[in-house]
Asks: 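This is the structure I have questions about; it appears just below.
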Amino acid sequence: MAKITMREAISQALMEEMDRDPAVFILGEEVGVWGGTYAVTKGFYDKYGPDRIMDTPIAENAIIGAAIGAAMVGQRPIAELMTINFAFSAMDYIVNQAPKLHYMFGGQFQVPMVIRAVGGGGRQLGATHSQTPDAIFAHFPGLKVVSPGTPEDAKGLLKTSIRSNDPVLFIEHATMYQVRGEVPDEEYLIPIGKSKVQREGKDATVVTYSKGLELSLKAADELAREGIEVEVVDLRTLRPLDMEPVLESFRKTNRAVLVEEGWKSYGVGSEVASRIYEEAFDYVDAPIIRVAQKEVPLPYNRTLEQAALPQVPDIVAAVKEVLK
Amino acid sequence: MSETISMPKLGFDMAEGTLVRWVKNEGENVNKGDVLAEIETDKATVEVESSASGVVRKLLVEEGSVVPVGDPIAVVGSADEKIEETPTKVTEPKAEKKTDESKGEELKTESEEERSKKETPKAEATAPAAQAQPAVAPVAQAAASVQEGSVKASPLAKKIARDNKVDLARLQGTGPGGRVVRKDVEAALSSGQSSVVSRQPAGLPSSVVAATREDETIQLTRLRQAIARRMTESTTSVPHFYVTHEYKMDALMAMRKQINEYLGEDEKVSVNDFIIKAVALTLREFPNLNASFAGDKVIRHGAVNVGVAVAVEGGLLTVVNRNTDQQPLRAISSEVKRMVAGAREGKVKPDDIQGSTFSISNMGMFDVENFAAIINPPEAGILAVGSARQVPVVENGEVKVGWRMKVTISVDHRVSDGAEAAQFLQKLAEFLENPVRMLV
């Protein structure tokens with residue numbers, strides 16, 4: 001097993017799938033000659049040429065619209081959004097067209113498309129470029145929403161997403177491209193819609209995904225030094241949401257902290273908490289606590305930005321609170 | 001005529017009680033004296049009897065509700081009788097007075113919806129929720145008769161308690177705000193198990209070589225809390241004094257042996273039965289000790305109701321024998337036996353534990369020479385009884401073997417003085433030392 005970065009894992013997934021299937025192509029802003037804003041597609045242009053690595057105008061609705069059209073006629077486009085904040089410009093295509101075409105046209109069309117989007121805050125990009133609006137997209141049936149927290153999961157899930165016949169929004173976190181992790185040398189796929197226990201424990205369950213996983217695992221290390229063993233469940237996919245590992249863990253620990261980077265209100269944690277209350281009510285031994293972003297537009301100032309984002313000490317404190 | 005049954009007052013300091021379980025459901029026939037419900041107070045779980053015969057027309061409170069003393073809990077009437085709107089003083093929000101017709105309709109619809117919601121999870125998939133008869137709701141609740149309604153407990157704690165038949169109301173929660181959580185129920189379960197284990201023949205302590213034990217924090221049960229409160233109140237507000245007397249028990253022991261030869265195993269009279277009777281007869285002559293202090297007055301009680309302290313799990317209860325002075329020995333004996341058994345099972349009737357005018361605490365079975373008891377307010381006195389034992393005694397200048405028993409009376413000094421207490425004990429000797437006097 002090689003230890004590689006998240007960037008390399010995503011890059012490998014793209015390349016392997018492009019090599020495997022000539023219908024796969026990439027379009028987006030600066031993906032070609034420049035090699036991608038986060039350098040994920042560096043070298044792709046030289047290898048695959050302008051027909052399969054297409055630089056586009058700065059027009060997100062055009063990018064997604066073109067991708068949908070290509071997908072409907074049998075291609076497998078991968079549209080890159082420089083940041084997920086730009087998805088709002090293409091909202092109609094993302095939530096109202098892509099997820100519904102198969103349904104609206106009685107199954108005549110499929111939309112095998114992946115939208116890769118970079119989300120998350122913490123890089124001082126200001127309130128409009130630092131958001132984590134994952135829950136908004138996960139609200140719509142028909143759109144799969146994947147957001148991995150490790151290089152291994154990123155590679156396996158992205159390859160599965162590219163092979164999916166439904167549109168997939170694949171959300172990468174802006175501060176995680178340098179995160180390293182072991183990735184199998186041989187080819188592998190990870191199914192969409194499977195949560196995973198990333199760390200075992202018995203005292204409390206932390207449910208999270210993406211950047212929250214990194215923070216939660218650090219919090220788990222700190223808590224372990226105090227003798228508290230938390231189990232960390234990584235959702236990996238927000239839709240379809242796989243609650244089984246979460247419920248299984250909760251039935252064991254009876255206490256849960258839900259960690260996400262997005263705002264608390266109407267968020268992923270709200271959904272997971274409701275599902276626990278609905279499906280494991282008799283196992284609840286303490287109120288479930290959500291750790292999430294403060295309810296403000298994310299500040300530019302570094303200190304304020306860090307204060308508004310959920311941090312390791314917030315998770316540690318929340319775990320201790322549910323264990324009271 | 002329908003009759004409203006109210007939350008009874010089961011002790012002079014009882015302000016409210018928890019309705020733990022309905023024994024009768026709406027629509028069931030009930031005779032006067034039948035057990036209608038079980039109620040839990042600080043002291044115990046007690047059975048409430050119906051004061052009327054007929055059909056249970058309405059149960060006004062849900063299981064688990066805490067109901068103030070005197071508030072209506074049920075209506076008993078005839079089957080076809082029109083029942084008035086629910087009596088005015090009811091704790092349930094549902095019974096809010098309707099302000100106008102339309103609002104009344106709304107309220108009704110809401111509660112029906114609630115009911116069908118409650119029904120849905122239990123109903124078969126094929127049975128539309130709307131078909132659920134309103135009468136089904138209380139039945140369904142009775143089936144899940146767990147005493148958890150008003151107790152603050154986590155869902156998990158409630159489930160474990162339900163599965164293991166643990167009474168949540170008796171536990172002290174250690175969670176935030178006193179919430180009962182899993183570990184509280186589990187602690188109760190494991191301590192229950194260990195007490196079972198510890199009752200087995202002891203032999204040698206298993207841990208001769210064992211290391212020291214950890215400190216343990218034990219939360220008080222409600223009974224224990226009540227005892228703590230009452231005893232503190234008694235010792236801090238009632239000035240006690242104590243007088244001890246030793247009785248010759250030879251005649252009584254011989255008579256008891258003789259009497260018991262004629263009685264079956266579960267009818268045998270105890271030394272304590274004699275003492276109860278003797279105390280009652282003596283109190284008849286000392287009305288000032290069968291009394292309660294009341295500010296600038298002393299209330300001398302007309303009836304002599306002797307309370308008997310009973311050790312129960314986690315504390316003690318006083319069961320009450322009424323008009324003891326007028327009852328024959330065997331009646332006292334069988335009545336006290338019944339009440340003691342009930343108290344130990346955690347089920348006593350309200351009348352069994354209220355209204356005593358003087359108490360007896362007997363530790364004779366524990367080989368106790370002598371001790372002093374704390375008065376159970378508002379009584380004016382309590383008699384602490386040690387073991388009847390064979391000891392060397394001097395009679396006519398000779399050392400002989402004789403049965404002796406020491407008792408100590410604790411008296412409220414605001415009501416009485418040492419001389420009266422000493423005279424009481426002397427008078428008691430007339431009965432204890434000449435037991436035949438109790439039988440005539």
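Computed from heavy atoms alone, side chains included, the values below leave out hydrogens, waters and symmetry copies. Each chain gets a letter, A, B and so on, in the order the sequences are listed, and its residues count up from 1. All values derive from a computational prediction rather than experimental measurement.
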Asks: For A/K252 and B/R182, work out which heavy atoms get closest and say how close.
Replies: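 Nearest heavy atoms, A/K252 then B/R182: O-NH1, 3.9 Å.
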Asks: State whether the number of non-hydrogen atoms from other residues, nucleotides or ligands found under 6.0 Å of A/E248 atom CD is greater than 12.
Replies: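 Not more than 12 within 6.0 Å, no.
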Asks: Taking side chain as everything from C-beta outward and backbone as N, CA, C, O, which of these in A/R255 sits under 4.5 Å from a heavy atom of chain B? Side chain, backbone, both or neither.
Replies: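 For A/R255, the side chain is the part near chain B, not the backbone.
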Asks: Looking at A/A286 and B/S154, what are the two nearest heavy atoms and their distance?
Replies: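 Taking A/A286 first and B/S154 second, the nearest heavy atoms are N-CB, 4.5 Å.
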Asks: Okay, side chain of A/D282, backbone of B/K159: is any donor-acceptor separation there less than 3.5 Å?
Replies: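 Flag not set: sc A/D282 to bb B/K159 has no pair under 3.5 Å.
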Asks: Select, from B/V181, B/V180, B/I160, the one with the greatest count of heavy-atom pairs under 4.5 Å involving chain A.
Replies: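 The answer is B/V181.
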Asks: Does atom CE of B/M231 have more than 12 heavy-atom neighbours, drawn from other residues, nucleotides or ligands, at distances under 6.0 Å?
Replies: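 It does: B/M231 CE has more than 12 such atoms within range.
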Asks: Taking all heavy atoms of A/D285 and all of B/A157, pick out the closest pair and write down the distance.
Replies: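 Heavy atoms of A/D285 and B/A157 come nearest at OD1-N, 4.1 Å.
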Asks: Inspect the surroundings of NZ in A/K324 and state if more than 12 heavy atoms from other residues, nucleotides or ligands are less than 6.0 Å away.
Replies: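 Not more than 12 within 6.0 Å, no.
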Asks: Tell me if the OH atom of A/Y277 is crowded by more than 12 foreign heavy atoms within 6.0 Å.
Replies: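 Check passes, neighbour count above 12.
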Asks: Counting only heavy atoms not in A/K100, do more than 12 fall under 6.0 Å of its NZ?
Replies: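 Counting other residues, nucleotides and ligands, NZ of A/K100 exceeds 12 neighbours.
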